[in-house]
Amino acid sequence: MATDTTALARRWRLELNAGTTATPDWQQVFGISEFTAKMPPNIEDSSTYDSGGWKENTKTGQEWSIELTINRKIDDTAKTYVPTHEQLRLAAFASGSASYVQLRYMDRNGLPEAYQGRALVTWEPQGGAYTDLDTVKVTLTGDGPLIPITNPLA
């Protein structure tokens with residue numbers, strides 16, 4: 001039976017691998033207030049004289065990225081940040097293999113949409129007035145394929 005219920009933007013859950021590729025330890029990134037996934041294809045003009053004047057196109061590549069804003073969470077008694085926030089921050093300031101994170105994101109309600117990949121991290125503290133929350137804009141730029149996976153929450 002079809003319904004007319006619209007999915008909400010807050011349905012996305014992002015997790016980082018705190019383990020290894022062989023033995024993953026998926027940890028949730030808490031405090032996300034905005035989440036946008038982008039997957040634009042690279043389209044090239046492949047028109048020829050044989051197309052009768054109609055433009056032809058060929059997809060020759062794909063890229064992906066995720067832009068999110070997090071509300072920075074702390075344990076004010078232990079003087080520590082949330083471990084996944086620190087994993088993102090440290091990757092943004094690293095180079096070489098330490099500058100990548102392995103991630104997966106999925107529909108937190110168990111719907112079939114879920115993806116996994118590896119990405120470079122950009123970390124941009126947003127600053128603000130004395131009454132503002134501590135927020136950070138994070139950009140995850142895909143390195144290689146973004147692979148559709150079975151939703152682990154399904």
Side-chain angles (χ1 to χ4, degrees), residues 1-44 59-154:
M1 176 174 149
T3 67
D4 58 359
T5 303
T6 302
L8 300 175
R10 66 177 181 250
R11 67 191 175 105
W12 296 112
R13 173 180 168 142
L14 175 66
E15 296 178 346
L16 301 179
N17 183 1
T20 65
T21 303
T23 310
D25 177 16
W26 294 106
Q27 299 293 316
Q28 183 174 351
V29 177
F30 291 100
I32 296 173
S33 61
E34 293 183 40
F35 184 97
T36 304
K38 299 177 181 182
M39 297 169 255
N42 187 70
I43 305 292
E44 297 292 334
K59 179 180 172 182
T60 61
Q62 187 83 33
E63 64 179 299
W64 65 275
S65 66
I66 299 169
E67 294 176 359
L68 60 134
T69 301
I70 57 174
N71 291 332
R72 199 82 191 276
K73 302 290 187 179
I74 61 170
D75 179 336
D76 62 347
T77 57
K79 306 294 185 208
T80 59
Y81 289 105
V82 170
T84 51
H85 293 187
E86 277 299 275
Q87 185 178 355
L88 290 167
R89 184 182 69 82
L90 294 173
F93 289 97
S95 56
S97 62
S99 64
Y100 294 93
V101 293
Q102 187 179 14
L103 63 89
R104 66 183 185 182
Y105 69 97
M106 70 283 303
D107 184 298
R108 69 175 63 245
N109 300 314
L111 290 168
E113 241 181 309
Y115 305 93
Q116 184 172 320
R118 181 176 113 139
L120 291 167
V121 181
T122 303
W123 178 268
E124 300 175 66
Q126 297 302 287
Y130 75 97
T131 56
D132 291 347
L133 298 173
D134 184 10
T135 62
V136 177
K137 179 182 174 188
V138 177
T139 303
L140 302 165
T141 304
D143 177 60
L146 182 65
I147 302 166
I149 59 171
T150 300
N151 188 337
L153 303 177

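The minimum heavy-atom distance linking A18 with Q27 is given by the pair CB-CG, 3.9 Å. Considering every non-hydrogen atom in both N151 and A114, the closest pair reads CA-CB, 3.6 Å.
With 3.5 Å as the limit, one finds no donor-acceptor pair spanning the side chains of T80 and D75.
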| request: Would you please test E113 and R11 for salt bridge (charged side-chain N to carboxylate O under 4.0 Å, His left out) and show each step? | output: CA-CA 10 Å; E113 241 181 309; R11 67 191 175 105; 3.3 Å; yes
| task | Please assess V138 against V121 for the test side-chain contact (heavy atoms from CB on, under 4.5 Å), listing each intermediate value before the final yes or no. | result | CA-CA 7 Å; V138 177; V121 181; 4.1 Å; yes
| request: Check the pair R72 / E86 against salt bridge (charged side-chain N to carboxylate O under 4.0 Å, His left out), numbers first and verdict last. | output: CA-CA 10 Å; R72 199 82 191 276; E86 277 299 275; 2.8 Å; yes
| task | Given side-chain contact (heavy atoms from CB on, under 4.5 Å), test I70 with H85 step by step and report yes or no. | result | CA-CA 8 Å; I70 57 174; H85 293 187; 3.8 Å; yes
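Between V136 and T69, every side-chain heavy-atom pair lies at or beyond the 4.5 Å cut-off.
Distance alone, capped at 3.5 Å, places no donor-acceptor pair between the D76 side chain and the K79 backbone. Not a single donor-acceptor pair under 3.5 Å links the side chain of N109 to the backbone N or O of L111.
A salt bridge does not link K137 to E34: none of the charged side-chain nitrogens sits closer than 4.0 Å to a carboxylate oxygen.
Every pair passing salt bridge (Lys or Arg N to Asp or Glu O under 4.0 Å) that includes a residue from residues 92-104 is listed here, sequence neighbours excluded: E15-R104. Legend: salt bridge (Lys or Arg N to Asp or Glu O under 4.0 Å) pairs involving residues 138-154, not counting sequence neighbours, sorted by first then second residue: R118-D143.
With L140 as reference, L68 is the one residue of T122, L68, L16 to meet the side chain to side chain contact (heavy atoms under 4.5 Å, CB included) rule.
Taking the six-membered ring for Trp and thresholds of 30 and 60 degrees, W12 and F35 have nearly parallel ring planes, at less than 30 degrees apart.
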